[in-house]
Every structure is written in structure tokens, then in C-alpha cells.
Amino acid sequence: MGFSTILTAVVAIAATAGLVLLSQSDESTVLPYVALLSFGSLAVFIGIWRSTALTVRTVFGVALILHIMAIFGFAAFEDDYFRFIWDGWRSIISGTPYGVAPAEFFGKTLPDSRLALTLDGVNNPHLSTIYGPTLQFIFSLAYLSAGTDPIGLRIVFAIINLILVALLLRWTSPEKAALYAWCPLVLAETIIHIHPDGIMAMLLLAGILLAKRYPLAAGLFFGLAAGAKIVALALWPLLLRMGWRAVASAMATSAVIYGIFLFQGQGAGFESTGIFAADWYYNPMGFALLDALLPSSIARLSAALIGIGIIMVLHARTRSLEVAPIAMIFGIILLFAPAVNAWYLLWILPFATKSRMVWPFAAAVALPLSYLTGLNLENPALRDFEVHWMAWVAQIIILLAAAGWDFLRFQRENNAGDPTEVLRTPIAQPQVAVIIPALNEENSIGAVVRDLQSQNWSAPPRIIVADNGSTDDTTQQALAAGATIIREPKRGYGAACLAGIAAAPQDTNIFLFMDGDGADVPEEGPALIAPLIDGTTDLVIGSRALGQKQAGAMTFPQQFGNWLATRLIWLIWGKRMTDLGPFRAIRADALESLNMADRDFGWTIEMQVKAVQQDMRITERPANYRRRIGISKISGTVRGVLLAGNKILYVIGREAFFR
């Protein structure tokens, strides 16, 4: 362990000791306390950020010392723990803490004077509790072990947080885990101030670590996490990636733990939660702008909708549990939340340890300033829970600077490209298979095949017409023109394409797909495959949006569907496209890696989305488009339009959330 690491451990220990001593002081110490919180967190971050010398034993050993020290602190500037003790007592004596506000006990005889003191300290006593069932079990355990003494909560929370540290040491490197385990803000909010938010993070991380091998257990922990903090639902889309067993387990767990209280007829805190959500306003960040521009109720609704939209996009862009942007998801919640407390960072910081983002740790420096309120500053010019304007501005400046730093670093890395990208070698001897799915195309298929054969190919292509159950002379016309016929009686555009691929010669290295209704222009085939032969791209889309369309060639539903689908691809995966056109070419090795499976209308979108997910090089080339001969099987009927549209959206959703 190097000198800088030893120094950082000493700083963390000294900062924690200082916080404990200041918290026990009878004098007003909020300014030095906040300064120690902020600068202590900053010093630990700087000391560890680029460290590579820590071991698991060192990180956990120092964390254990820090947690033991923090147990002797006092919540000088927080009083939430009175409610936790009260809830624990109520759960023990009546089976539920819900439905009855503490204020209803004012003037009544309580079992002992210590409970009366606890009741006097409960904030918002006119409201029943908002804390979820998972926390109520923990509050009850703490009450059984220590009664009204907050030491019981501190010890329980310290043990749970040490479990979280141990999980982090399995999830990420020791250096990254230390960013959380040694952070003075984490120790203060978890143990000194007695806030339970880290419990949710521990349960979520346990679920993620168990997801691959034990999806049922993963769902159990996700369900318990939602029972600790309802905000855990923001990560529930990750359950879709774990499989149906994880989803079912999470739902069943939530039903059981909430049902235990709901069946008693006193509710589960939802009514009070709704009141807080509708009325509470404290130290907002991005929400402050919406609130200044819109009426309060509309601002809250807008913030919720915007936040949910961004979170769903982040989930859709997630490629695996290992790289899920959990810190960013919770960060978005705080950005649009009407109330932002320093202890909410316990949702974010554990998951930020695996990223290279600076802003979460800058938030650990900034958010302690939220303690500079009228009540803590004893400033009569401020309302009790009003943050001093200078403290609020300082928070915004720190967070904006850190977010800007992260953005510029991301831009630099993105512009530098991926130095490990593998470039495909040019194809010396192109062997092209043209796949034409066809259903009752007798009036056009022969001309399409002959036009293909007459083009200037480097080698004659193998033209395969995959007949999808035609009842006219499609197969005879295609055979007469020189095509190979493959029959796929089970209806479906994708099924016909898959049958054509399976029938292609083994030496095929390029596949060209096009329709047989005469709408695609065969003369453009050689130009479409040229980038594949050069090795400069993997997939080429013939874009009708970039080419010339004959009047009436595309219906409005087709054009709108293409616009919507390609915008969703850009929004979710960051790849700009303009069309889902059937006229496309792909290298055989690239096609094999896509593992195409869709058997009907989702074929084209599946190919493009999977290619984007695999970071393939995708090129669009202008493709002219003519009015088809005959009636389209998709855009020619209302049923076809609805089925195709639903399938395209389904494939996008499936690839975004279930893979």
C-alpha cells in the first residue's frame, strides 16, 4: 500500500472522527460540520480516484474501523430516526405502523417516558408513515434489540452498509469500492444521521450479482428493494433481462411484503407518500426551472414524465446488466425531483463506483451544503427548511462543472473511436446470393429476375426466389426467368428470407435481399453490394428516403412507420438511419452473427437493430423506389399495416429491454 493510499485512509479516519466529535457538540456547529463533510469527501475521492494499490482486505478493514467510529456519532442536524423508532414500536405492539399518525397519540399515556420523547421528536407527526415494509421489518428488529436508543438503528445500518461494501468488493475493484466505503458523506448519512437509503442499494446490488445464476433470488432482492424505497422500481426493467423467473419472483415478493400490512386494513403508506410527492419542496435541482416556468402541479407531472422517458431510454440503451447505467438512472430521478436530500446519494454512489463518471462524487461534495438551512443556521431570515441561496448556487455550480467534465471526456473518447475495431478484409471473389421472398408475384417476378441477371456483376449472382405459398404462376415465371425456387409454405416475410438463406450455396459471402413486386430497382444491386466487397461496411440499406420515389410508391403509413422506427433506433441506440427498406445487402459472416429469427414483419427491423447492437458498420445508400405491381401484402391492407406496425414496435421493445 503506497503512501498516498495510507494518507487517504488517515484522512478518512480523521474526517469521520471529526464528524463524530462535531455531532456531539452542544454548540451550533453546522458550518464546520458541513465543511468537514464536503472537503473530507473531496479528499478521499482525490486520494483514491487513480489509485491502483488497494487490496480487498485493506478496503474492508479501514471501512470496518470507520463504521465502528461512526456509531458513536449523534444526528445533530437530522431527526428522521425518531420516526424509525416510533414505527418499530408500533409494528411490534400493533402489527403495523400504517394508517395511524403519531399525532393521534399526543396527550395519551405511553408505556414509558422514552417513547414520549421519541414521539415529541417525530417530524410531520400529522401524517402516518411513508416508509416501506422492508424498512419496517428492520426498524422492528432495531427496536427489539435496543428499544428507543438510536444505537440499535446505527448498528443495524452499519452492518447492512458493511454488507454493501463486501458486495462492492465482489462487483468492482478494491479502489473503486473504497470510493464508497471510505466516503465521509456515506458514513455520516448511513450511521451518524441514521438514514436507511443504503439498504435499497445493498438489496439491488445483491440482486444484480445473483442474476445470472439465481434469477429467483435476484427477483427476491429486487422485490425487497422496492419495499425499502419505492424508487427502486426505476431499476425493475432490468428484471426483463434476467428472465421471467426474476420478474415473477420480484412481483411475488412485493405482493407478500406489502400484503402483510395491507391485509390489516391500515394501508401501506401510499396516502402519505402521495402527499409528500404532491407538496414537498426542498433543495430542488433541475425541477427548480420547471417549477419557475409552470404551475406547481403541472411542473411535477412534467418532471415525472420527462424523468420516466429518459430512464426508459437509458434502460433501452443498456446492453447487459454489467454495464447498466444505474447511477445515471438514479441521477435523473434526483435531477427532476422536487426534493433532493444529501442522503439520496446513497442510491447513486455504490453504482457510480463501477463507472468513470465524476459527477456522483462531486455531488458528495456539493449536497452537504443542503444542510445550510434556516433551522440549522439559526437564521430568522430563512424559513426552517429553506436552503441558503448561496449554498444552493454553490451546489449547482459544482454539479454543472462535474457534469461538463464528464461530457467533455466522453466526447474526447467518442471522437477518438475504438482502436480495437476489427476491419473486415475485402472480398476478393464475391459470391452473391439474391434472396427474393415472393407471394403471388406472377406479373412482376420474371422481369425482376431477368433485370438482375442483365446487370454488370463481377460474378453471376445466384438468384433464389423463396415462394411463400403462392397460388398463382409465380414459381413458373421465376423458373422460366432462370431463378432457383425454394418453397416455404409457412407464411411470413422473415420465414421466406430464412428459407432462402438456408438454400444458398455454402460459398456465398454476400446476401442481397429485395422484393419481387418490381418496386426495387435491380440496376442498383451492384452499387449496393460494392461497399461490402471493399470491406468498408457490413450492412448496406437501400434507403428509399434518400432516393427518388415514384408518386404513390409509398403510402403514408409506410412513411410514418419508417420515420418512427428509425427515430426510435436513434433515440435508443444512437444510430441514425432513414429507412427499413427491403432492398439491402449484408456480408454472410455478419448475417450469421446476427442469428436472425423473426419470421414475419419484424425481419428488417430485427436485422438493423441487431447490427447496431453488435457495433457493425452500417451504410445507407440512396435507393429509388417504384410503384409496385399488384397489391402490397402489408401496406395494401389495414390489417397488414396494423400487424406490421405492431410487430416492428414489438421487436424494438424486445431488443431494447429483453436482451
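Along the sequence shown, residues carry numbers from 1. Because the structure is a prediction, the values reported are computed rather than measured.
- The shortest side-chain heavy-atom distance between Met514 and Ile435 does not fall under the 4.5 Å cut-off.
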**Report entry** Residues Phe287, Phe336; criterion ring-ring contact (aromatic ring centres under 6.0 Å, His included); working and verdict
**Finding:** CA-CA 5 Å; Phe287 177 77; Phe336 291 102; 8.9 Å; no
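- No more than 12 heavy atoms of other residues, nucleotides or ligands shown are found within 6.0 angstrom of CD on Gln548.
- Looking at Trp171 and Ile208, their side chains come closer than 4.5 Å, going by heavy atoms from C-beta outward.
- Of the inter-residue distances, the one linking Lys575 atom NZ with Gln613 atom CD reads 14.0 Å to the nearest 0.5 angstrom.
- Residues Ile529 and Ala585 share a closest heavy-atom pair of CG2-CB, 3.8 Å.
- Counting heavy-atom neighbours within 6.0 Å of Asn456 CG, excluding the residue itself, gives a total of 12 or less.
- Counting heavy atoms of neighbouring residues, nucleotides and ligands inside a 6.0 Å radius, atom CE of Met596 exceeds 12 of them.
- The side chain to side chain contact (heavy atoms under 4.5 Å, CB included) search around Leu564 returns Phe560, Leu568, Leu649, not counting sequence neighbours.
- Ring planes of Phe513 and Phe511: parallel class, angle under 30° (limits at 30 and 60°).
- Just one residue in the list Arg567, Arg544, Glu620 forms a side chain to side chain donor-acceptor pair (under 3.5 Å) with Thr578, and that residue is Glu620.
- The aromatic rings of Phe45 and Phe361 sit parallel to each other, their planes meeting at less than 30°, with 60° as the upper class boundary.
- The local environment of CZ in Arg245 is sparse, with at most 12 non-hydrogen atoms from other residues, nucleotides or ligands closer than 6.0 Å.
- Every residue two or more places apart in sequence or in another chain that forms a salt bridge (charged side-chain N to carboxylate O under 4.0 Å, His left out) with Arg462 is listed here: Asp507.
- Atom CD1 in Ile463 sits 9.5 Å away from atom CG in Asp451 (nearest 0.5 Å).
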Query - Residues Asp615, Arg319; criterion salt bridge (charged side-chain N to carboxylate O under 4.0 Å, His left out); working and verdict - result: CA-CA 11 Å; Asp615 294 320; Arg319 299 195 177 187; 3.2 Å; yes
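- Counting only distance, with no hydrogens or angles, the side chain of Ser254 and the backbone of Ala250 share a donor-acceptor pair below 3.5 Å.
- By the 4.5 Å heavy-atom criterion applied to side chains, Met607 and Leu539 are counted as neighbours.
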Requested in this report: Would you please test Arg356 and Glu413 for salt bridge (charged side-chain N to carboxylate O under 4.0 Å, His left out) and show each step?
Outcome: CA-CA 12 Å; Arg356 296 178 58 201; Glu413 293 177 355; 2.7 Å; yes
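- If you take CD1 on Ile427 and OG1 on Thr425, they are separated by 7.5 Å, rounding to the nearest 0.5 Å.
- The closest side-chain heavy-atom distance from Pro582 to Asp520 is below 4.5 Å.
- Minimum heavy-atom separation, Ala496 to Pro437: CB-CB, 3.6 Å.
- Among pairs with a residue in residues 528-541, those fulfilling salt bridge (charged side-chain N to carboxylate O under 4.0 Å, His left out) read Arg424-Asp538, Asp538-Arg617, at least two apart in sequence or across chains.
- Gln614 approaches Ser593 most closely through the heavy-atom pair NE2-O, 2.9 Å.
- The 12-atom threshold is exceeded at CZ of Arg409, counting heavy atoms of other residues, nucleotides or ligands nearer than 6.0 Å.
- Other residues, nucleotides and ligands place no more than 12 heavy atoms under 6.0 Å from the CH2 atom of Trp405.
- Residue Leu210 comes nearest to Ala217 through the heavy atom pair CD1-CB, 3.9 Å, listed as atom of the first residue, atom of the second, then distance.
- Looking at heavy atoms from C-beta onward, Phe407 lies out of side-chain contact with Arg412 at the 4.5 angstrom threshold.
- Partners of Arg626 under the salt bridge (charged side-chain N to carboxylate O under 4.0 Å, His left out) rule, at least two apart in sequence or in another chain, do not exist in this structure.
- The closest side-chain heavy-atom distance from Val465 to Thr484 is not below 4.5 Å.
- Residues forming a salt bridge (charged side-chain N to carboxylate O under 4.0 Å, His left out) with Asp598 (at least two apart in sequence, or on another chain): Lys647.
- Side-chain contact between Ile486 and Asp467 is absent, with no heavy atoms from C-beta onward closer than 4.5 Å.
- When all heavy atoms are compared, the tightest approach of Ala218 to Gly207 is CB-O, 3.2 Å.
- The local environment of CD in Gln455 is crowded, with over 12 non-hydrogen atoms from other residues, nucleotides or ligands closer than 6.0 Å.
- Checked by atom type and distance alone, the side chain of Asp515 never pairs as donor or acceptor with a backbone atom of Asp517 at under 3.5 Å.
- Checked options Leu349, Leu345, Val231; the residue passing with Phe330 is Val231 (criterion: side chain to side chain contact (heavy atoms under 4.5 Å, CB included)).
- At a threshold of 4.5 Å between non-hydrogen side-chain atoms, the residues Phe601 and Ile648 do not count as touching.
- Within the structure, every pair that satisfies the side-chain hydrogen bond (donor to acceptor under 3.5 Å, both in side chains) test and touches residues 204-216, not counting sequence neighbours, is listed here: Lys212-Glu322.
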